[in-house]
Visitor: 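The structure follows.
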Amino acid sequence: MATFLSKLGRLAFRRKGVTLLLWLLVFVGMGVAASSAPAPPADTFSMPGTESQEAFDLLTEKFPDASVDGATARVVVRAPEGTKITTPATRTEVERLVTELGVSSPQVAGVADPYESPAVSIREDGTTAYTVVTYKVPAAEVDDEAHDALDDATEQAREAGLTVEAGGDAVKIEQAMGGTGEQIGILVSAFVLVLTFGSMIAAGMPLITALIGVGIGISGITALGSTFGLSGTTSTLAMMIGLAVGIDYALFIVSRFRAERVEGRTPEEAAGRAVGTAGSAVVFAGLTVIVALAGLAVVNIPMLTKMGLAAAGTVAVAVLVAITLVPALLGLAPVKVMARRGRLRYAVKPLSDRQRRRAARHEAKPARRTRPNLGTRWARYVLRHPVIVLLVGVIGLGTVAVPAASLELGLPGEGQMSTQTTQRKAYDLLSESFGPGFNGPLTITVQSVSADGTGATSAGTPADARRTGDEIGKALARTPGVASVSPATANKAGDTAILTVVPTTGPTEKKTEELVHALRDTADDLERSTASRILVTGQTAMFIDFSQTLDDALLPYLALVVGLAFLLLMVVFRSVLVPLKAALGFLLSVAAALGAVVAVFQWGWLADGFGIDAPGPIMSTMPIFMIGVVFGLAMDYEVFLVSRMRESYAHGARPGEAVVDGFRYGGRVVGAAAVIMMSVFSGFIVEDNDFVKMIGFALAIAVLFDAFVVRMAIVPALFALLGRSAWWLPKWLDRILPRVDVEGERLAGTQPAARSPRESTLVG
């Protein structure tokens, strides 16, 4: 592996013009393909194998005219203080609002008049009412004209003195992404890169190459969107992790190139060894990330599978960019990529008389004693006090992880939005006026089946279907936690009816989840006696099933990811204990990060400091996404840091010396990469949406724990305690494992290359 990649790096360095041209053609070609591709399909959410999805599919089949997948907007109206909705003047304004909503956009299918069903749509005291606007298209296809029309109609009603707020999936969600916080994160990243390298050119390479890789990956997703059903949101994860690993991979190779140049190798030799050693680490780190992302398929949710595979493809592009485009760019600036001070010693062109005099004056100065860098000093401290460092790290992370035992999963709803949004205001008005369960109604489907046990649909009349539905509704109404049950509505064929159950608790409360399970248990008992097939669905039930599906898949996903990564790392490091501690360290950092998230976003600790309006359940997708993203970054840091230790050990260093060498050359780079990722992720914490804050906080704190506690404290402490045993591998396993030579043992010329006469006269 190292030999092949070294040759590839040398080739890209020598043929820099051809390499750059090829990547330019790929970049432009993918951009053209993306711009000419059909529009990506709308987001589709499905959960094969769940009851709520089965019921939803049944509704789509049996009620084709009901547009069950059409968007809706619930417009809540409160009368001015001292009046009622039924007051003539107020009623005139409400009816004007209803009329305006009905003609505001051609996408509107209809608007319910609250005065036609006052018992349902108007509060008992007459102060509040609501109307439902239904659309002909799903939420993702509601256009800007329809959004603006809804906003204009509600604003006119406000000007007339009414309190009007709107919720539902048809209401436009104000996006706060790309704000000041994210810009600050990017600026901090650039500052850290400049500080790390001491060169604008070296600092710019990781950013430029990462953006090129992400651009190619996102363009590819867009170009293939209509073919493989990749929606516009599929690229979200690909952009996030592609940018993260792209910066890291280029950072590692540029850093190794500079280290090889300092050792005295020519630019081409340095590029070859950088790609052969750090590039090997990049390839295997990339493979572990791809495994983590592709492993999302085990969750069996098509949307997550597509997002994972798309992100995995973007990571593959980032790896190819790092091992080919980066050395080509190094070929363009082999000297300017070095630190500004002392660049003359790395000159590859004849020097002018003035430059020679400067070099001579520099040589004449007395040599200063080289002080160990911070990474070296820290490694030596850990080697002297391994037990203390290990205990502090493990106990500290274990303590932070304790709240994770109380993790409750849910999906984002309007009740967790900022209190400044119209959706949250509408949610609160409905909860206050009609009960908290009104925001999370459950839909019950009742399908008549034959009594012979075959399960075939039993034909009947709409009246029969309604009667059966009402009987089942009366039985379900006796279930604790049910506030009300609506009359049944039958389809034209008379074989299916639907009814609505309103819980007494809100959609994200634990008692509502318990109610869904209780209703399904009751339905199982009723099916035989009523010769019916009874299913529970609705947005709340789908969210509960989604959370349960993710919860059930979490352990298998972790086992798959950690298991395959263990095998990859065992091949890379020729050791059993090194990959074992890498996997255990990752699990410890993830547990600690989840504990911190639960404490802040579920329990409400420091909620005011982070601007969290409503602490509640943790977003269901957050743990899975966090595992995928953090696992990729953690393996980056592990592979890069430990591969330098392995390289030093393979070249004859003692175990302790190998640890010091790993930190001497890799500690600063890994620390810089971690700070960059933390600054980027932290930018999301200042956003208005609580769930965006949650993702940003979770990723930033997880990188902090994994990079600075696990990789830079626990890992070297374990190496110090294990000594040579850390690199132990059974002989029988050593014989069957493939040899990839990540540390570059087989590369020719492991010692620093001899300088040319001209170069030797320039060394200060």
Side-chain angles (χ1 to χ4, degrees), residues 42-64 66-72 138-140 168-169 298-306 408-415 437-447 449 455 457 469 472-473 475-476 479 481-483 485-486 488-489 491 496-527 532-554 617 619-621 624:
D43 286 311
T44 56
F45 182 80
S46 62
M47 296 181 295
T50 62
E51 179 174 327
S52 55
Q53 183 64 46
E54 185 181 357
F56 183 84
D57 294 339
L58 179 66
L59 287 173
T60 304
E61 175 189 351
K62 299 297 183 180
F63 293 85
S67 185
V68 294
D69 60 344
T72 60
D169 57 1
V298 304
V299 182
N300 196 30
I301 295 178
M303 178 186 69
L304 293 183
T305 300
K306 293 175 181 178
E408 294 180 8
L409 298 178
L411 279 180
E414 294 176 348
F438 193 81
N439 284 294
L442 304 172
T443 301
I444 311 296
T445 65
V446 180
Q447 183 184 25
V449 296
T457 301
I472 292 173
L476 295 178
T479 306
V482 173
V485 180
S486 71
T489 301
N491 65 342
T496 306
I498 58 173
L499 47 120
T500 300
V501 173
V502 177
T504 57
T505 52
T508 60
E509 295 185 41
K510 186 68 175 178
K511 290 184 178 180
T512 304
E513 180 180 349
E514 295 172 354
L515 173 62
V516 170
H517 295 313
L519 290 174
R520 286 173 173 168
D521 292 339
T522 304
D524 291 340
D525 298 333
L526 292 172
E527 284 184 343
S532 302
R533 180 174 169 229
I534 307 171
L535 301 172
V536 181
T537 188
Q539 187 181 62
T540 299
M542 292 193 76
F543 281 5
I544 291 172
D545 286 348
F546 183 74
S547 298
Q548 187 62 49
T549 299
L550 289 173
D551 197 19
D552 293 341
L554 191 59
M619 184 168 60
S620 300
T621 53
I624 289 283

Visitor: Under the 3.5 angstrom rule, does the side chain of Glu414 hit a backbone N or O of Gly168 as a donor-acceptor pair?
Guide: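 Side chain of Glu414 to backbone of Gly168, a donor-acceptor pair under 3.5 Å: yes, one is there.
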Visitor: Which pair of heavy atoms, one from Thr512 and one from Ile544, lies closest together, and at what distance?
Guide: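 Scanning both residues, the minimum pair turns out to be O-CD1, 4.2 Å.
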Visitor: Is Asp169 reaching over with its side chain to a backbone N or O of Ala71, donor-acceptor style, under 3.5 angstrom?
Guide: no
Visitor: May I ask you to decide whether Glu513 forms a salt bridge with Lys510, counting only side-chain N to carboxylate O separations under 4.0 Å?
Guide: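 The answer is yes: the pair qualifies as a salt bridge.
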Visitor: Run the side chain to side chain donor-acceptor pair (under 3.5 Å) check on Thr537 and Thr443 step by step: do they pass?
Guide: CA-CA 5 Å; Thr537 188; Thr443 301; over 6 Å; no
Visitor: Please report the interatomic distance OG1(Thr50) to CD(Gln548), rounded to the nearest 0.5 Å.
Guide: 11.0 Å
Visitor: Just wondering, are more than 12 heavy atoms of other shown residues or ligands nearer than 6.0 Å to CD in Gln539?
Guide: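 Incorrect, the count does not exceed 12.
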Visitor: When you measure from the side chain of Glu51 to the backbone of Val536, do you find a donor-acceptor pair of N or O atoms at a distance under 3.5 Å?
Guide: yes
Visitor: Once you round to the nearest 0.5 Å, how far does CG of Asp551 lie from CD of Glu408?
Guide: 11.0 Å
Visitor: Supply the atom-to-atom distance Met542 CE to Thr540 OG1, rounded to the nearest 0.5 angstrom.
Guide: 11.0 Å
Visitor: With a 4.5 Å limit on heavy-atom distance, are the side chains of Ser532 and Ile472 in contact?
Guide: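 The answer is yes, as the side chains (C-beta and beyond) meet within the 4.5 Å cut-off.
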Visitor: Please check: side-chain N/O of Thr445 versus main-chain N/O of Ala55, any donor-acceptor pairing under 3.5 Å?
Guide: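 A pair under 3.5 Å: no.
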Visitor: May I ask you to say whether Asp545 pairs ionically with Arg520, meaning some side-chain N is under 4.0 Å from a carboxylate O?
Guide: yes
Visitor: Indicate yes or no: at least one non-hydrogen side-chain atom of Asn300 is less than 4.5 angstrom from one of Thr549.
Guide: no
Visitor: Check for a donor-acceptor pair, side chain of Ser547 on one end and backbone N or O of Ser620 on the other, with a separation under 3.5 Å.
Guide: no
Visitor: With sequence neighbours excluded, what pairs up with Thr479 under the side-chain contact (heavy atoms from CB on, under 4.5 Å) test?
Guide: Val482, Leu515, Ala518, Leu519, Thr522
Visitor: Please answer whether the main-chain N or O of Met47 pairs with a side-chain N or O of Gln53 as donor and acceptor at a distance below 3.5 Å.
Guide: yes
Visitor: If you compare all heavy atoms of Gly440 against all heavy atoms of Pro507, which two are closest, and at what distance to 0.1 Å?
Guide: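 Where Gly440 meets Pro507 most closely, the heavy atoms are CA-CB, 3.9 Å.
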Visitor: Does any part of the side chain of Leu499, heavy atoms only, come nearer than 4.5 Å to the side chain of Val446, both counted from C-beta?
Guide: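 They are in contact (side-chain heavy atoms under 4.5 Å apart), so the answer is yes.
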Visitor: Enter the distance from Phe546:CZ to Leu304:CG here, rounded to the nearest 0.5 Å.
Guide: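 Atom-to-atom, Phe546:CZ and Leu304:CG are 5.0 Å apart.
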Visitor: Is any side-chain heavy atom of Thr500 closer than 4.5 Å to a side-chain heavy atom of Leu442?
Guide: no
Visitor: I'd like to check Leu59 versus Ile498 (side-chain heavy atoms, cut-off strictly below 4.5 Å). Are they in contact?
Guide: yes
Visitor: The test is side-chain contact (heavy atoms from CB on, under 4.5 Å); show your working for Ile444 and Ile534 and say whether it passes.
Guide: CA-CA 7 Å; Ile444 311 296; Ile534 307 171; 3.7 Å; yes
